[in-house]
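These notes are about the structure you will find just below.
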Amino acid sequence: MTKLKALLFDVDGTLADTERDGHRVAFNQAFADAGLAWDWTPELYGKLLKVTGGKERIRYYLTDFIDHFDYSGDLDELIVNLHRSKTAHYLEMLKAGAIPLRPGVARLLDEARGAGLQLGIATTTTPENVTYLLEATLGAESIGWFDVIAAGDIVPAKKPAADIFHHALEELGLEPDDCVAFEDSENGLRASLGAGVPTIVTINDYTRAQDFDGAMLVVSDMGEPEQPFEVLAGNAGDSGWVDVALVRRLAGDC
């Protein structure tokens, strides 16, 4: 029997709906600041989400979506500077409280802490994006709730590579079966399963049609007692929201 010890969370799209009206908008603001007539529409951004990591996403746009980009300077430096500007815009949005947590997230975190479970973050977004989101939605003390925040370029290969999960497990001193991961995308699921971590998927509008084969459960969101989730795949039994009891049952810890 598995003994559940920790929950590992992705951030963008999982803890909060950050992509369409957060990161995308911040990218466009950074492009405008740099005098670039690039407009990442919601439809285009959905295609760009095939690639994880902001700098990687800009490069993917340049190689696969622009016929020709005439730039005489250092392209790597341009990408780094654009991403730095984008992050600054995004952090301002977070500080303004413009990006709330998804349904059920705060409740599950609170319940998991009360149950003595360790909490971890495993994400490709920057550490600053993680801390600002947590502080803006849960308070500054929430940073200390997490035993590991594995984020950004701390590992060389981003999702769907499993590196970020291997790093988080090593920092926690846990085995994959000691944990359950929460992801929102196929790339995230491939990463968590690649590390052997059982996974629950909470989809969003960008990821609904993706392949989540191998997930323990696929739901619309974490759900709340007054706002039950929609089950897309898997067996949630009589549960209408993700709580510690459901996670334990799915993980075989019951």
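- Here the closest non-hydrogen pair linking Asp70 and His68 is CB-NE2, 3.7 Å.
- For the atom pair Glu128 CD and Thr126 OG1, the distance stands at 4.5 Å (nearest 0.5 Å).
- Heavy-atom contacts from other residues, nucleotides or ligands closer than 6.0 Å to CD of Glu171 number more than 12.
- Under the 4.5 Å side-chain contact rule for hydrophobic residues, Met222 and Tyr206 do not share a cluster.
- In terms of modelled atom types and a separation under 3.5 Å, the side chain of Asn28 and the main chain of Trp40 share a donor-acceptor contact.
- When the side chains of ILVMFWY residues are joined at heavy-atom separations under 4.5 Å, either directly or via intervening members, Met216 and Val197 end up in two distinct hydrophobic clusters.
- Minimum interatomic distance between Leu4 and Cys179 (heavy atoms only, all atoms of both residues): CD1-C, 4.0 Å.
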Original post:
side-chain contact (heavy atoms from CB on, under 4.5 Å) between Leu101 and Leu138: does it pass, once the steps are laid out?
Top reply: CA-CA 9 Å; Leu101 296 179; Leu138 297 169; 3.7 Å; yes
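- Taking the side chain as every heavy atom from C-beta outward, Leu133 and Thr125 never approach each other to under 4.5 Å.
- Here the straight-line distance linking atom CG of Asp21 with atom OH of Tyr45 works out to 11.0 Å at 0.5 Å rounding.
- Ion pairing between a basic and an acidic side chain is recognised when a charged N comes within 4.0 Å of a carboxylate O; Asp64 and Lys47 show no such pairing.
- Taking the six-membered ring wherever Trp is involved, the centroid distance between the rings of Tyr90 and Phe27 does not fall below 6.0 Å.
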Subject >> Intermediate values then yes/no, side-chain contact (heavy atoms from CB on, under 4.5 Å), Lys86 and Ile58 >> reply: CA-CA 11 Å; Lys86 171 261 171 183; Ile58 296 171; over 6 Å; no
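- The number of heavy-atom neighbours closer than 6.0 Å to CD of Glu230, taken from other residues, nucleotides and ligands shown, is above 12.
- In this structure, Leu62 and Tyr71 have side chains that are not in contact, with every pair of non-hydrogen atoms separated by 4.5 Å or more.
- When side chains are defined from C-beta on, Asp178 does not count as touching Leu172, because their heavy atoms never get closer than 4.5 Å.
- Using a 3.5 Å distance cut-off with no hydrogens or angles, the side chains of Asp17 and Asn204 do not pair a donor with an acceptor.
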Subject >> Working for side-chain contact (heavy atoms from CB on, under 4.5 Å), residues Leu117 and Arg248 >> reply: CA-CA 11 Å; Leu117 296 176; Arg248 288 193 191 279; 4.0 Å; yes
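- Checked by atom type and distance alone, the side chain of Thr199 never pairs as donor or acceptor with a backbone atom of Ser192 at under 3.5 Å.
- Residue Phe9 is grouped with residue Val244 when hydrophobic side chains (ILVMFWY) are merged at heavy-atom distances under 4.5 angstrom, including chains of intermediate members.
- A donor-acceptor contact shorter than 3.5 Å is absent between the side chain of Arg24 and the backbone of Glu19.
- In terms of heavy atoms, Val130 sits closest to Ala151 at CG2-CB, 4.2 Å.
- Within a 6.0 Å radius of CG in Asp205, other residues, nucleotides and ligands contribute 12 heavy atoms or fewer.
- No option in Val180, Val218, Leu7, Leu189 other than Val180 meets the side chain to side chain contact (heavy atoms under 4.5 Å, CB included) test with Ile200.
- Here the shortest heavy-atom pairing between Gly53 and Thr124 reads N-OG1, 4.1 Å.
- Taking the side chain as every heavy atom from C-beta outward, Pro156 and Asp163 approach each other to under 4.5 Å.
- Crowding of Glu43 atom CD: a count of heavy atoms from other residues, nucleotides or ligands under 6.0 Å not exceeding 12.
- Atom NZ of Lys55 has more than 12 neighbouring heavy atoms from other residues, nucleotides or ligands inside a 6.0 Å radius.
- Smallest separation of non-hydrogen atoms from Ala195 and Ala162: N-CB, 3.6 Å.
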**OP:** Go through the steps for Ile79 and Glu56 under the test side-chain contact (heavy atoms from CB on, under 4.5 Å), then give the verdict.
**Re:** CA-CA 9 Å; Ile79 291 173; Glu56 293 81 359; over 6 Å; no
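- Atom CD in Glu92 sits 10.0 Å away from atom CD in Gln29 (nearest 0.5 Å).
- Note: Tyr61 and Phe31 have parallel aromatic rings, judged against thresholds of 30 and 60 degrees for the angle between ring planes.
- When atom types are taken as modelled, the side chain of Lys159 and the backbone of Ile164 share no donor-acceptor pair closer than 3.5 angstrom.
- For the pair Asn129 and Thr123, the minimum side-chain heavy-atom distance is 4.5 Å or more.
- Annotation: the span from Asp253 atom CG to Asp177 atom CG amounts to 11.5 Å, rounded to 0.5 Å.
- Salt-bridge formation is detected for the pair Arg59/Asp76: a Lys NZ or Arg NE/NH1/NH2 atom is positioned less than 4.0 Å from an Asp or Glu carboxylate oxygen.
- Taking 4.5 Å as the limit, every side-chain heavy atom of Leu193 sits out of range of all side-chain heavy atoms of Glu183.
- The main-chain N or O of Gln210 is never found under 3.5 Å from a side-chain atom of Glu186 such that the two would form a donor-acceptor pair.
- Interatomic distance, Ile99 CD1 to Leu94 CG, rounded to the nearest 0.5 Å: 4.5 Å.
- Between the NE2 atom in His23 and the CG atom in Leu48 there is a gap of 13.5 Å [rounded to 0.5 Å].
- Within the 4.5 Å cutoff, side-chain heavy atoms of Glu135 are placed close to those of Ile143.
- Panel note: side chain Arg20, backbone Gly46; no donor-acceptor pair is recorded below 3.5 Å.
- Asp153 and Lys158 are joined by a salt bridge, as a carboxylate oxygen and a charged side-chain nitrogen come within less than 4.0 angstrom of each other.
- Judged by distance alone, the side chain of Asp184 and the main-chain N or O of Ile203 form no donor-acceptor pair under 3.5 Å.
- Nearest approach of Phe182 to Thr14, heavy atoms of both residues: O-CG2, 3.6 Å.
- When only modelled atom types and interatomic distance are considered, Asn81 and Arg84 share a side-chain donor-acceptor pair under 3.5 Å.
- Hydrophobic clustering keeps Leu134 apart from Val148 (ILVMFWY residues linked when any side-chain heavy atoms are closer than 4.5 Å, directly or through intermediates).
- Trp241 and Val231 are members of different hydrophobic clusters when ILVMFWY side chains are connected at heavy-atom separations under 4.5 Å.
- Proximity of Val155 to His166: side-chain heavy atoms (C-beta onward) are nowhere separated by under 4.5 Å.
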